[in-house]
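Read through the structure below, which is laid out as structure tokens, and then see the notes.
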Protein chains: 2
Amino acid sequence: MTDMEPLDDPISRTVRAFEQLQSAEGRSAQCPVRDVLDRIGDKWSMLMIIALALRPHRFGELHRSIPDISKRMLTQTLRDLESDGLISRHVFATSPPSVEYRLTPLGTSLLTPLAALVDWADRHHGEISEARARLRDGGEAIEDEPQFAASRQ
Amino acid sequence: MTDMEPLDDPISRTVRAFEQLQSAEGRSAQCPVRDVLDRIGDKWSMLMIIALALRPHRFGELHRSIPDISKRMLTQTLRDLESDGLISRHVFATSPPSVEYRLTPLGTSLLTPLAALVDWADRHHGEISEARARLRDGGEAIEDEPQFAASRQ
DNA sequence: CGGTATCCTTCTGGATACTG
DNA sequence: CAGTATCCAGAAGGATACCG
């Protein structure tokens with residue numbers, strides 16, 4: 001294989017990001033890709049980003065919009081997203097006080113790849129459920145290639 | 001805006017998926033989108049999917065490819081991904097035994113949205129680092145009107 | 001309203017030792 | 001080689017109470 005000019009399609013970029021991830025070598029220096037994925041991979045960030053993509057929300061609105069989050073985690077996740085520059089916090093000195101959160105341009109730019117992922121999940125969760133059901137029921141039936149021994153057990 | 005025909009662009013689908021997520025109502029029935037995102041959002045799944053996207057791997061190869069994973073988590077994550085139909089497991093009855101893992105078509109179909117996300121992370125981690133640094137340094141300096149502008153907009 | 005502070009449980013995942 | 005089994009520490013996160 002001769003190495004041509006660096007490819008710039010998403011798959012090639014992903015492969016390079018992964019190789020960089022390999023060389024970054026865990027402990028001291030965190031891989032930037034992994035760093036970002038950890039942030040949006042937590043329990044609430046993605047839900048809050050999607051909620052704020054629909055429209056700006058006040059603290060209480062967000063809480064009603066995501067009913068099963070505690071105020072503790074709501075605050076903490078908002079602070080984390082804010083410190084990463086994905087959302088902005090706007091305080092209005094009304095009485096009672098009101099605070100509005102909205103996506104920044106950076107946060108908005110995340111919507112496109114995020115939407116692709118959510119869209120995939122939406123399209124394929126049926127197949128995933130079937131795969132789980134297949135494993136629960138039949139388990140080992142489907143193996144067909146002569147070179148292999150049957151899998152599992 | 002006429003909402004006669006349902007829009008089918010990724011953003012519209014994402015909005016609908018989110019609304020479905022809202023109505024699905026947490027406790028008993030898990031939202032399918034959330035379900036999928038939980039799976040690939042864990043500590044190792046994404047790394048293993050990317051590794052298997054490059055080529056099929058045997059158990060030991062995968063272990064060397066992701067050095068800081070324990071055999072326990074390697075096995076567990078492989079089983080989870082297999083039960084979701086994202087990867088397949090092929091046992092060769094050689095001596096010593098060898099087992100190969102590869103992406104299924106379903107798993108391969110995840111690569112496109114995943115690549116979009118990794119690509120975003122790769123492109124924007126600089127901005128994120130700057131945002132964090134800004135917060136550490138300036139702290140409260142940048143905050144504009146903590147008690148001032150009560151006007152909403 | 002928009003948060004903090006504190007306590008306490010659950011769940012993740014690392015270390016280690018053993019097996020077919 | 002490709003796993004299992006067991007134990008345990010630490011992080012994530014829920015419940016509750018309180019505050020400006």
Side-chain angles (χ1 to χ4, degrees), chain A residues 26-27 30 34-35 37-48 51-52 56-83 87-102 140 148-153, chain B residues 26-27 30 34-35 37-48 51-52 56-83 87-102 140 143 145-147 150 152:
Chain A
R27 293 161 197 90
Q30 171 110 314
R34 182 59 184 285
D35 192 35
L37 296 179
D38 279 355
R39 172 55 42 89
I40 67 162
D42 69 8
K43 196 172 182 182
W44 303 110
S45 293
M46 199 129 27
L47 260 45
M48 289 174 44
L52 294 178
H57 280 66
R58 293 178 52 184
F59 186 91
E61 289 178 319
L62 264 178
H63 203 177
R64 282 186 293 279
S65 186
I66 307 174
D68 51 340
I69 195 176
S70 63
K71 282 199 290 188
R72 182 185 176 286
M73 289 314 296
L74 182 54
T75 302
Q76 183 178 306
T77 307
L78 284 168
R79 295 286 177 276
D80 288 344
L81 292 171
E82 190 192 2
S83 87
I87 68 175
S88 56
R89 180 175 183 272
H90 305 270
V91 178
F92 299 95
T94 54
S95 174
S98 91
V99 178
E100 190 177 271
Y101 295 91
R102 60 182 68 172
E140 64 274 8
F148 304 156
S151 69
R152 183 113 31 249
Q153 287 287 348
Chain B
R27 292 159 197 91
Q30 172 111 312
R34 182 58 185 285
D35 193 34
L37 296 179
D38 279 355
R39 171 56 41 90
I40 67 163
D42 69 9
K43 196 172 182 183
W44 303 110
S45 292
M46 198 129 28
L47 261 45
M48 289 173 45
L52 295 178
H57 280 66
R58 293 179 50 185
F59 186 90
E61 289 179 318
L62 217 41
H63 203 177
R64 282 186 292 279
S65 185
I66 308 174
D68 51 340
I69 195 175
S70 63
K71 282 199 290 189
R72 182 184 176 282
M73 289 313 297
L74 182 54
T75 303
Q76 183 177 306
T77 307
L78 284 169
R79 295 287 176 275
D80 289 342
L81 292 172
E82 189 193 3
S83 88
I87 68 175
S88 56
R89 180 175 183 272
H90 304 269
V91 178
F92 298 91
T94 54
S95 173
S98 90
V99 179
E100 189 178 270
Y101 295 91
R102 57 182 71 170
E140 63 279 358
E143 204 54 57
E145 49 269 282
Q147 321 190 358
R152 45 183 299 264

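When reading the values below, keep in mind they use all heavy atoms of this one structure, side chains included, and skip hydrogens, waters and symmetry mates. Every chain is numbered from 1, with letters handed out A, B, ... down the list of sequences. The structure presented is a predicted model; accordingly, all values stated were derived computationally and were not measured.
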**Request:** Report yes if some heavy atom in the side chain of Glu61(B) is under 4.5 Å from a heavy atom in the side chain of Glu100(B); otherwise report no.
**Result:** no
**Message:** Tell me every residue that passes side-chain contact (heavy atoms from CB on, under 4.5 Å) with Lys71(B), counting only those two or more places apart in sequence or in another chain.
**Reply:** Phe59(B), His63(B)
**Request:** Name all residues meeting the side-chain contact (heavy atoms from CB on, under 4.5 Å) criterion together with Gln76(B); count only those two or more places apart in sequence or in a different chain, and write none if there are none.
**Result:** Arg72(B), Met73(B), Asp80(B)
**Request:** Sequence neighbours left out, what passes side-chain contact (heavy atoms from CB on, under 4.5 Å) with Thr94(B)? Give chain and number order.
**Result:** Phe92(B), Ser98(B)
**Request:** Would you indicate whether the side-chain heavy atoms of Val91(B) and Pro97(B) approach each other to under 4.5 Å?
**Result:** no
**Fill in**
Given protein heavy atoms under 4.0 Å, the one-letter contact record of nucleotides 10-20 of chain D, with B base, S sugar-phosphate only and - none, is simply ---BBB-----
**Prompt:** NZ/Lys43(B) to CD1/Ile66(B) distance, rounded to the nearest 0.5 angstrom?
**Reply:** 12.0 Å
**Request:** With a 4.0 angstrom cut-off to heavy atoms of chain B, pull out the first and last contacting nucleotide of DNA chain C, in 5'-to-3' order.
**Result:** dG13(C) to dG20(C)
**Message:** Output the rounded distance in Å from CD (Glu100(B)) to P (dC1(D)).
**Reply:** 16 Å
**Asked** Tell me: NE2 of His63(B) to P of dT4(D), nearest whole Å?
**Response** 14 Å
**Divergence of helical axes at both termini of the helix from dC1(C)-dG20(D) to dG20(C)-dC1(D) - five pairs an end, 10° steps** = 50°
**Request:** Would you indicate, yes or no, if dT4(D) has its OP1 or OP2 atom less than 4.0 angstrom from a side-chain nitrogen or oxygen of Arg79(B)?
**Result:** yes
**Fill in**
Distance col, row Leu78(A):CG vs Trp44(A):CH2, nearest 0.5 angstrom, shows 12.5 Å
**Spacing of Asp38(A) atom CG and Met46(B) atom CE [to the nearest 0.5 Å]** = 8.0 Å
**Message:** Please give me the minimum heavy-atom distance between Leu74(A) and Met48(A), naming the atom from each residue.
**Reply:** CD1-SD, 3.9 Å
**Item:** Exercise: identify the closest heavy-atom pair between Ala51(A) and Leu62(A)
**Value:** CB-CD2, 3.9 Å
